[in-house]
Amino acid sequence: MTDPAELVDTLPSGAKVKRRSLRMRACSETDAKGKLCAGHLKRWYGAPRDFSARYGAELYRCEKCHTIYLPHPREVPRTGTLAW
């Protein structure tokens, strides 16, 4: 079993910034009642410039709760161009 996503920062708007677990594809955030979000993590290309400058170019965001995820340090970055 992989380690749970770790909380890195909480933004003034209340949004959370977490580090993804290895090969994580679904959001691990829970609401006040303890219900799991399980929204799909999508690459966030429309991130504001201050986010990219602060956290890096590769960001992921949950499609349901909009929690922001940073890539796992052991995963290969996906920021390069496609190689055929």
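Index from 1, following the sequence. The figures that follow rest on heavy atoms only: side chains count, while hydrogens, waters and symmetry mates do not.
- For E63, the side-chain contact (heavy atoms from CB on, under 4.5 Å) partners are H40, K42, not counting sequence neighbours.
- Hydrophobic side-chain contacts under 4.5 Å tie L70 into a cluster, directly or through other members, with V8, L11, V17, W44, F51, Y55, L59, I68.
- Taking each heavy atom of T67 and C65 in turn, the nearest pair found is OG1-SG, 3.1 Å.
- Here the OG atom belonging to S21 is positioned 8.5 Å from the OH atom belonging to Y69, to the nearest 0.5 angstrom.
- Checked against side-chain hydrogen bond (donor to acceptor under 3.5 Å, both in side chains), R25 has no partners two or more places apart in sequence or in another chain.
- You'll find the side chain of E58 reaches within 4.5 Å of the side chain of R43, heavy atoms only.
- For the residue pair C62 and C37, the shortest heavy atom distance occurs at SG-SG, 3.6 Å.
- With respect to D9 and R54, a salt bridge is recorded, a charged nitrogen being found less than 4.0 Å from a carboxylate O.
- Residues P71 and R19 approach most closely at O-NH1, 3.0 Å, considering heavy atoms.
- A salt bridge is defined here as a Lys NZ or Arg NE, NH1 or NH2 lying under 4.0 Å from an Asp or Glu carboxylate O, and E29 with K16 meets this definition.
- Side-chain atoms of R61 never come within 3.5 Å of backbone atoms of L41 as a donor-acceptor pair (strictly under, hydrogens ignored).
- Between C27 and K18, every side-chain heavy-atom pair lies at or beyond the 4.5 Å cut-off.
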Please evaluate residues E75 and R20 with respect to the criterion side-chain contact (heavy atoms from CB on, under 4.5 Å), reporting the C-alpha separation (whole Å), side-chain torsions for both, the decisive distance (0.1 Å), and the verdict. CA-CA 10 Å; E75 283 192 44; R20 288 174 49 181; 3.9 Å; yes
